[in-house]
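These notes are about the structure you will find just below.
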Amino acid sequence: MYSFSPKLKSTSLILLVAGLVLFGIGYFMNHGISTERIKEMMEAVHSAGHTAPTHSSEMVGPQDEASHLEHATMQIHNSPLASIHFVAVFFFGVSCAVLFFYCIQHAAHAGWPIIITRVMEAIASYIPYGGAILVILMLLNIFHQGHIFHWMDPDLTDPNSAHFDVILFEKKRFLNIPFYAIRTLIYVVGASFFAWKLKAQSKKVDDTKSLVEYQFLYRWAVGYIAFFGFASAAWAWDWLMSIDPHWYSTMYIWYSMVSCLSSGIAVIILLSVYLKKNGFLPQFNDNHLHDLGVFLFATSMLWTYTWFAQFMLYWYANVPEEVNYFFGRFQHYGITFLPMLIVNFLLPLLVLVSSSIKRNYKVVTVMAVVVILGHILDYFNMVMPGTVGPYWKTPEVFILILGALLFVVGLFMFTVLTALSKLKLIPTGNPYLHESEIYEYPF
């Protein structure tokens with residue numbers, strides 16, 4: 001059994017509380033920004049010659065000075081909600097992607113990862129807590145306590161309004177508040193149910209050592225794979241892509257999901273190595289580490305493919321309404337948008353391509369941290385340009401992002417390690433356990 005050390009528990013709680021405090025400070029600083037300062041910030045952006053919009057709504061409706069000021073005010077005051085939104089969606093996606101990876105192994109009757117079964121179950125235990133944050137954010141959005149989702153403004157679908165947007169009017173059947181709220185609840189409740197059911201069924205397999213119960217575990221795993229396939233695509237539309245509802249990409253759902261999958265494998269590596277180094281999981285060896293390293297490398301390359309394929313199609317087509325999504329990021333997020341390819345693609349390619357290096361605990365652990373940080377930056381680039389726009393280089397935004405990260409990371413650590421301390425680390429009832437214990441990579 002794993003014992004959640006008091007020192008690590010204190011660390012997670014300190015991160016959680018420090019995150020709340022910093023986020024609160026950033027919130028009050030943000031809401032204390034005066035109209036005069038907003039005008040100065042807007043003029044500074046325009047005088048720099050960077051006029052590309054970061055959101056398609058900037059090209060719809062009145063284009064006078066008052067309208068630009070109203071839009072800038074909304075973007076600046078979006079900072080608190082946008083900061084917690086991208087972090088919350090990312091970590092919820094990571095925990096769901098880990099459960100997806102877990103179910104793939106069961107569906108494939110894979111023997112090698114059985115040793116880390118409990119690690120994956122513990123990470124999936126964060127799903128209901130991360131989902132609760134997203135439900136709270138959903139409520140804040142639908143009651144108009146933020147302006148992250150532009151399409152929620154009723155004036156935009158009113159033909160008699162000066163702000164009428166014909167594109168949003170055509171998308172109203174899908175992008176409407178009641179349906180959005182129902183979909184969010186389906187994602188959160190559905191993923192939470194599968195996390196609970198799969199853990200309970202896995203425990204039943206341990207208790208009974210019955211192949212019949214293991215067959216039920218297999219069936220529930222297949223069920224979650226189907227659920228995740230649809231839900232992860234739909235929540236990418238709802239929570240991320242609908243931030244700029246004029247823009248659409250058929251690659252986006254895979255791009256955002258693979259980002260979480262790669263990060264999820266990195267989290268599995270970190271937790272497995274931590275347990276190994278502290279004597280809780282001696283059965284975990286460099287063969288298991290090697291295979292996790294293979295998946296980390298593969299998903300990093302898959303993420304690069306989806307990123308490049310999406311970008312290439314828009315560059316090749318060069319449709320003005322669509323390329324603004326990228327052009328605005330080039331102008332206002334140049335130091336975060338393209339440089340993330342170094343972290344998410346180039347470093348994994350150069351470091352993890354070697355089979356022998358994938359057995360090096362220190363190198364693979366460092367790369368796992370690099371990949372997680374890189375994909376947090378990726379989600380930052382997905383959310384912040386369309387919500388905060390060019391007004392992100394301020395102390396308030398940095399404090400808000402740091403606070404959101406510390407809070408969610410602290411909650412994630414506390415939830416996962418608490419769940420792990422309640423689980424039997426070795427799934428003794430699994431029929432493939434012996435295969436995992438003696439597993440040796442043949443090359």
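Residue indices begin at 1 and follow the sequence shown. Predicted model, so just to flag it, every value in this text is computed and none were measured.
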What is the distance from atom CD1 of Ile376 to atom CG of Asn381, rounded to the nearest 0.5 Å?
12.5 Å

Full working for side-chain contact (heavy atoms from CB on, under 4.5 Å) between Trp237 and Ser242:
CA-CA 6 Å; Trp237 294 331; Ser242 77; 6.0 Å; no

Separation between CD1 (Ile133) and CZ (Phe92), nearest 0.5 Å, reads 10.5 Å

Non-neighbouring partners of Phe345 that pass ring pair (Phe, Tyr, Trp, His ring centres under 6.0 Å), sequence neighbours left out:
none

Kindly give the heavy-atom pair with the smallest separation between Ile372 and Ser263, and that separation in Å.
CG1-O, 4.0 Å

Decide if atom OH of Tyr274 counts as having more than 12 heavy atoms of other residues, nucleotides or ligands within a radius under 6.0 Å.
yes

Please examine the side chains of Val351 and Ile357, heavy atoms only from C-beta on, and report whether any two atoms are closer than 4.5 Å.
yes

Indicate yes or no: at least one non-hydrogen side-chain atom of Met152 is less than 4.5 angstrom from one of Tyr180.
yes

Is there a side-chain contact between Leu198 and Cys103 (heavy atoms, below 4.5 Å)?
yes

Could you tell me whether Arg118 and Glu121 make a salt bridge, using a distance below 4.0 angstrom between a side-chain N and a carboxylate O?
yes

Does Arg329 count as lying over the ring of Phe326, i.e. NZ or CZ under 6.0 Å from the six-ring centre, within 45 degrees of the axis?
no

Distance col, row Leu134:CG vs Tyr129:OH, nearest 0.5 angstrom, shows 15.0 Å

More than 12 heavy atoms of other residues, nucleotides or ligands under 6.0 Å from CZ of Phe308: yes or no?
no

Is it the case that atom NZ in Lys171 sees more than 12 heavy atoms from other parts of the structure closer than 6.0 Å?
yes

Got Ile38 and His77 here, is their nearest side-chain heavy-atom distance under 4.5 Å?
yes

For Leu296, the option from Asp291, Ile268, Ile269, Leu261 that meets side-chain contact (heavy atoms from CB on, under 4.5 Å)
Ile269

Under 4.5 Å between any side-chain heavy atoms of Val371 and Pro348, yes or no?
yes

For the residue pair Phe337 and Trp307, does the interplanar ring angle fall in the parallel (under 30°), tilted (30 to 60°) or perpendicular (over 60°) class?
tilted

From CA spacing to verdict: side-chain contact (heavy atoms from CB on, under 4.5 Å), Leu420, Leu275:
CA-CA 10 Å; Leu420 193 64; Leu275 293 173; 3.7 Å; yes

Set out, in order, the CA-CA distance, both residues' side-chain angles and the distance that settles side chain to side chain donor-acceptor pair (under 3.5 Å) for Asp165 and His246, then state yes or no.
CA-CA 10 Å; Asp165 189 326; His246 283 201; 2.5 Å; yes

Measure the spacing between CZ of Phe164 and OG1 of Thr157 and express it to the nearest 0.5 Å.
8.0 Å

Heavy-atom distance under 4.5 Å between the side chains of Val94 and Val267, does that happen here?
yes

Under a 3.5 Å cutoff, is there a donor and acceptor pairing between the side chains of Ser355 and His290?
yes

Tyr432 backbone acceptor or donor facing Ser436 side chain under 3.5 Å:
no

Counting only heavy atoms from other residues, nucleotides and ligands, does the tally under 6.0 Å from CZ of Phe230 exceed 12?
no

Short question: side chain of Asn30, backbone of Gly26 - any donor-acceptor pair under 3.5 Å?
no

Derivation of the side-chain contact (heavy atoms from CB on, under 4.5 Å) call for Tyr441 and Lys358
CA-CA 11 Å; Tyr441 188 73; Lys358 295 188 189 78; over 6 Å; no

Mark yes or no: Arg183 above the aromatic ring of Tyr187, with NZ or CZ under 6.0 Å from the six-membered ring centre and no more than 45 degrees from the axis.
no

Hey, does the side chain of Ser256 reach the backbone of Tyr252 with a donor-acceptor pair shorter than 3.5 angstrom?
yes

Looking only at side chains, do Tyr255 and Asp378 share a donor and an acceptor under 3.5 Å apart?
yes

Check the side chains of Thr387 and Asn78 for a donor-acceptor pair under 3.5 angstrom, ignoring hydrogens and angles.
no

May I ask you to test the Phe91-Val409 pair for a side-chain heavy-atom distance under 4.5 Å?
yes

Can you tell me if Trp239 uses its side chain to pair, donor with acceptor, with the backbone of Phe86 under 3.5 Å?
no

Spell out, as yes or no, whether a donor-acceptor pair under 3.5 Å connects the side chain of Asn176 to the backbone of Arg173.
yes

Could you label the plane-to-plane angle of the Trp112 and Phe101 rings as parallel, tilted or perpendicular, counting under 30° as parallel and over 60° as perpendicular?
perpendicular

If you take all heavy atoms of Gly19 and Leu406, which pair is closest and at what distance?
CA-CB, 3.7 Å

Search all heavy atoms of Asp238 against all heavy atoms of Phe149 and return the closest pair with its distance.
O-CE2, 3.2 Å

Can you list the steps and then say if Tyr391 with His332 is a ring pair (Phe, Tyr, Trp, His ring centres under 6.0 Å)?
CA-CA 9 Å; Tyr391 308 107; His332 304 296; 8.3 Å; no

Minimum heavy-atom separation for Ala82 to Val383, with atom names?
O-CG1, 3.9 Å

If the plane angle is over 60° it's perpendicular, under 30° parallel, otherwise tilted; pick one for His147 and His150.
perpendicular

Which heavy atom in Thr365 sits nearest to a heavy atom in Tyr361, and how many Å separate them?
OG1-O, 2.6 Å

Are there more than 12 heavy atoms of other residues, nucleotides or ligands under 6.0 Å from atom CZ of Phe216?
no

In terms of heavy-atom contacts, Trp303 and Asn344 come closest through CZ3-CB, 3.5 Å

Given Tyr224, Tyr102, Phe228, the one that forms ring pair (Phe, Tyr, Trp, His ring centres under 6.0 Å) with Phe194:
Tyr224

Does Ser262 use its side chain to pair, donor to acceptor, with the backbone of Ser259 at less than 3.5 Å?
no

Return the CH2 to OG1 distance between Trp235 and Thr184, rounded to the nearest 0.5 Å.
11.0 Å

Measuring centre to centre across the rings, with the benzene-like ring taken for any Trp, is Trp315 within less than 6.0 Å of Phe327?
no

Ring centres under 6.0 angstrom apart (Tyr379, His375)
no

Evaluate whether atom OH of Tyr27 has more than 12 neighbouring non-hydrogen atoms of other residues, nucleotides or ligands under 6.0 angstrom away.
no

Distance check, rounded to the nearest 0.5 Å: Glu396 atom CD versus Thr394 atom OG1?
4.5 Å

Which is it for Ile148 and Ile243 under the side-chain contact (heavy atoms from CB on, under 4.5 Å) test, yes or no, and what are the steps along the way?
CA-CA 6 Å; Ile148 285 183; Ile243 286 171; 4.1 Å; yes

Under 6.0 Å between the ring centres of Phe174 and Phe179?
yes

Is there side-chain contact between Met413 and Leu8, with at least one heavy-atom pair below 4.5 Å?
yes

